[in-house]
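Quick note: numbers below take in every heavy atom, side chains included, and nothing from hydrogens, waters or symmetry partners.
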Amino acid sequence: RLIHKNGVWYLAAEEAGQLKNFSVALIEALQVDETSRFTPKPAHQDYIDTKDDPWFTEGTTEVRLRVAPEIAHYFTRRPLLPQQQQRADADGSLLVTAQIGHINQLLPLVRYWLPHVRIITPVAWQEELLAGLRHALAQWVR
């Protein structure tokens, strides 16, 4: 099934029994087998219909972010993360909770909003973000 999310087209397909997504723009050397047909699995269709993002995973990780008051309105005007919920605190910051399928689904968004967003949990993901930033800085100062 083709899926359009945030301006990107994806192909939802099964590979080795697992539902995956593939960016249509990155598909190369496509070979169509006209002699083969398939029947979409209702369970896959239902799963795709309930997802609000194109990351197909067996499980998700609950993530909590602290969003600074300066950019909080970007997170409240529309969800930027899957199953996003937020609570405004007295200082104007937000505590944002989301269900993330893979760390790489979260890190680009957090990097975009630096220094105004911090990963509270899982702590290991915040540490991986910091390690990646340190590595990038080391590359730039050579």
Side-chain angles (χ1 to χ4, degrees), residues 1-33 36-142:
R1 176 168 160 185
L2 289 175
I3 302 168
H4 187 255
K5 296 282 185 181
N6 301 323
V8 179
W9 283 99
Y10 298 92
L11 171 64
E14 187 177 288
E15 180 180 62
Q18 184 176 1
L19 183 62
K20 295 183 175 184
N21 68 27
F22 303 89
S23 174
V24 171
L26 299 177
I27 295 174
E28 296 178 356
L30 179 66
Q31 297 177 1
V32 178
D33 181 356
S36 179
R37 295 284 179 240
F38 74 98
T39 302
K41 293 183 178 176
H44 288 336
Q45 296 288 349
D46 293 343
Y47 178 81
I48 292 167
D49 289 341
T50 61
K51 294 289 285 181
D52 59 356
D53 66 273
W55 288 78
F56 299 157
T57 58
E58 292 281 325
T60 60
T61 300
E62 182 173 278
V63 173
R64 289 188 305 148
L65 308 174
R66 175 61 62 191
V67 177
E70 298 86 353
I71 65 158
H73 66 279
Y74 292 107
F75 284 77
T76 58
R77 69 180 181 183
R78 72 175 176 89
L80 298 177
L81 295 165
Q83 300 178 36
Q84 177 178 320
Q85 297 179 0
Q86 65 266 339
R87 181 193 77 207
D89 287 334
D91 64 356
S93 69
L94 292 177
L95 179 65
V96 174
T97 305
Q99 296 297 319
I100 304 297
H102 190 277
I103 190 171
N104 290 337
Q105 183 180 12
L106 178 67
L107 291 184
L109 180 98
V110 173
R111 285 187 206 109
Y112 180 83
W113 291 109
L114 286 177
H116 305 289
V117 175
R118 181 172 180 269
I119 302 169
I120 298 172
T121 60
V123 173
W125 288 18
Q126 174 69 12
E127 291 169 357
E128 190 162 334
L129 170 68
L130 292 174
L133 293 172
R134 286 184 193 106
H135 179 73
L137 287 172
Q139 297 296 312
W140 292 332
V141 295
R142 283 187 182 182

Closest heavy-atom contact between Pro82 and Gln105?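 Smallest heavy-atom distance, with atoms named: CG-NE2, 3.3 Å.
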For Val8 and Ser23, the nearest pair of non-hydrogen atoms, with its separation, is CG1-OG, 4.3 Å
**Message:** Restricting to side chain to side chain donor-acceptor pair (under 3.5 Å), what partner residues turn up for Arg1, sequence neighbours left out?
**Reply:**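 Testing Arg1 for side chain to side chain donor-acceptor pair (under 3.5 Å), a comparison that skips the adjacent residues, returns Gln45, Asp49.
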| task | Mind running side-chain contact (heavy atoms from CB on, under 4.5 Å) on Leu81 and Leu65 for me, showing each step along the way? | result | CA-CA 11 Å; Leu81 295 165; Leu65 308 174; 3.5 Å; yes
Practice item. Please test Leu137 against Trp140 for side-chain contact (heavy atoms from CB on, under 4.5 Å), starting from the C-alpha separation and ending with a verdict. Key: CA-CA 5 Å; Leu137 287 172; Trp140 292 332; 3.6 Å; yes
side-chain contact (heavy atoms from CB on, under 4.5 Å) between Thr97 and Gln86, intermediate numbers included: CA-CA 6 Å; Thr97 305; Gln86 65 266 339; over 6 Å; no
Output every pair passing salt bridge (Lys or Arg N to Asp or Glu O under 4.0 Å) with a member in residues 123-141, not counting sequence neighbours, ordered by first then second residue.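 Of all non-adjacent pairs touching residues 123-141, none passes salt bridge (Lys or Arg N to Asp or Glu O under 4.0 Å).
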Taken in chain and number order and not counting sequence neighbours, the residues that satisfy side-chain contact (heavy atoms from CB on, under 4.5 Å) with Gln85 are none
With sequence neighbours left out, the residues meeting side-chain contact (heavy atoms from CB on, under 4.5 Å) with Glu28 are none
When you look at Trp9 and Leu2, which way does the side-chain contact (heavy atoms from CB on, under 4.5 Å) test go after all the steps? CA-CA 7 Å; Trp9 283 99; Leu2 289 175; 4.1 Å; yes
Is Tyr10 close to Val24 at the side-chain level, that is, under 4.5 Å between some pair of heavy atoms?
no
Q) If we only count heavy atoms from C-beta on, is the Leu106 to Thr61 side-chain gap below 4.5 Å? A)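 No, too far: nothing below the 4.5 Å cut-off.
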To the nearest 0.5 Å, atom CG of Leu11 lies from atom CD1 of Ile3 at 8.0 Å
Tell me which donor-acceptor pairs under 3.5 Å the side chains of residues 115-125 have, and how far apart each pair is, sequence neighbours excluded?
unit_1 : atom_1 : unit_2 : atom_2 : d
Thr121 : OG1    : Arg64  : NE     : 3.3

ask   = Does NE2 belonging to His4 count more than 12 external heavy atoms closer than 6.0 Å?
value =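 Result for NE2/His4: enclosed.
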Would you list the atom pairs, donor with acceptor, under 3.5 Å between side chains in residues 66-79 and any protein atom, with sequence neighbours excluded?
unit_1 : atom_1 : unit_2 : atom_2 : d
Arg66  : NH1    : Asp89  : OD2    : 2.5
Arg66  : NH1    : Ser93  : OG     : 3.1
Arg66  : NH1    : Leu94  : O      : 3.4
Arg66  : NH2    : Asp89  : OD2    : 3.2
Thr76  : OG1    : His73  : O      : 3.2

